[in-house]
Chemist: 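Let me begin by handing over the structure; questions about it come next.
We number each residue from 1, following the sequence as shown.
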Amino acid sequence: MGKPPAQDYILGLDIGVASVGAALLGNAHIVALHVRTFDKAETAKEGESLNTIRRTARLTRRRIRRRAFRLLRLRRLLKREGLLTSHDPAELDSTISSWQLRAEGLDRKLDDHEWAAVLYHLVKHRGFQSNRKSEAKSDEKAGEMLSGVTANQQRMQQASWRTVGEMAERDPTFRQAKRNKGGEYTHTFSRADMEQELHELFKQQRAFGKSRASAAFEQAVHTLLMARKPALAGDRLLNMVGHCTFETSEFRAPKASYTTERFLWFTRLNNLRVSGRGEIRALN
């Protein structure tokens, strides 16, 4: 008895976000059908990706960790300069508001404890800095924050306030609250304005004869105020790119690359079909 004739099989897959269907076709018949369903990787209420929740929580933890380390470095710097006797944040507590001290620092000499409290407050609440060129359009929250920044910059110019701290302390707009409340971003300040305030405070304190307001100290505080991780580039960027499953020595191509877009274009062109008069055919 001879061997049965060889058959050509076609495997069809229908992969969705909550199911995977499969069909195995022989020469003239269906060999097997299968479907597997599962829960979507989304939240039940908002329909957001579960990875979005994890990513947001991870970014929050990272931001808190970096801010804590930045403030620790500042307290160490303040101790080296003789403004503090320890790294304990409780030593910076004062009966006078830090906003008030930031405003008064423009017109009088601050003592060491007041000067340390002002610098710590500036670095801790260093304002908003946009990371994207078109953030106002791509991110609703960032767009609202940028609108708040622009409005406060205009208010500061119109009222001739010298710094953000002076405006927040003495402008009637900020009498009830200095910071954003209730999901609003009208009290958002720019990091560039905080940077300008830092330089202005050091300039005024030096003019009042403050011994611990040297240019070297100013530069050290400024470095902490503006500290941020550099943008990914070069080897640091390649370290985050995986390797191809088949060409293990090659990096995976990003979706927005020329080669990927060219591949997708040719794939769609190759799969394109013309339908008409009961006939379905590929492009000639």
Chemist: Let me have the donor-acceptor pairs involving side chains of residues 195-202, under 3.5 Å, with sequence neighbours excluded, atom names and distances please.
Modeler:
unit_1	atom_1	unit_2	atom_2	d
Glu195	OE2	His222	NE2	2.6
Glu197	OE1	Arg102	NH2	2.7
Glu197	OE1	Gly165	N	3.1
Glu197	OE2	Arg102	NE	2.9
Glu197	OE2	Arg102	NH2	3.4
Glu197	OE2	Gly165	N	3.4
His199	ND1	Glu218	OE2	2.6

Chemist: Just jot down the salt bridge (Lys or Arg N to Asp or Glu O under 4.0 Å) partners of Lys109, sequence neighbours excluded, or say none.
Modeler: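 Once residues adjacent in sequence are excluded, Lys109 has no partner under the salt bridge (Lys or Arg N to Asp or Glu O under 4.0 Å) criterion.
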Chemist: Which residues pass the side-chain contact (heavy atoms from CB on, under 4.5 Å) test with Arg281, sequence neighbours left out?
Modeler: Val274, Glu279, Asn284
Chemist: Only distances under 3.5 Å count here; give the side-chain donor-acceptor pairs of residues 58-84 to other protein atoms, sequence neighbours excluded, each with its distance to 0.1 Å.
Modeler:
unit_1	atom_1	unit_2	atom_2	d
Thr60	OG1	Thr56	O	2.9
Arg75	NE	His87	O	2.6
Arg75	NH1	Tyr120	OH	3.0

Chemist: Could you list the residues that satisfy ring-ring contact (aromatic ring centres under 6.0 Å, His included) with Trp99, not counting sequence neighbours?
Modeler: His121
Chemist: Just grab all the side chain to side chain donor-acceptor pair (under 3.5 Å) pairs involving residues 176-185, residues at least two apart or on different chains.
Modeler: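 Residue pairs passing side chain to side chain donor-acceptor pair (under 3.5 Å), neighbours aside: His125-Arg179, Asn180-Thr188.
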Chemist: Got a sec, which hydrophobics cluster with Ile280, joining ILVMFWY side chains under 4.5 Å apart, including via others?
Modeler: none
Chemist: By salt bridge (Lys or Arg N to Asp or Glu O under 4.0 Å), which residues pair with Asp171, not counting sequence neighbours?
Modeler: none
Chemist: Of all residues at least two apart in sequence or in a different chain, which pass the side-chain contact (heavy atoms from CB on, under 4.5 Å) check with Leu13?
Modeler: Leu11, Ile15, Ala22
Chemist: Under the side-chain contact (heavy atoms from CB on, under 4.5 Å) rule, collect the residues that match up with Ser19, sequence neighbours excluded.
Modeler: Thr37
Chemist: Identify each donor-acceptor pair in which a side-chain atom of residues 236-256 lies under 3.5 Å from a protein atom, sequence neighbours left out, and give them as a table.
Modeler:
unit_1	atom_1	unit_2	atom_2	d
Asn239	ND2	Asp235	O	3.2
Arg252	NE	His243	O	3.2

Chemist: Restricting to ring-ring contact (aromatic ring centres under 6.0 Å, His included), what partner residues turn up for Phe263, sequence neighbours left out?
Modeler: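 Phe263 satisfies ring-ring contact (aromatic ring centres under 6.0 Å, His included) with no residue once adjacent residues are dropped.
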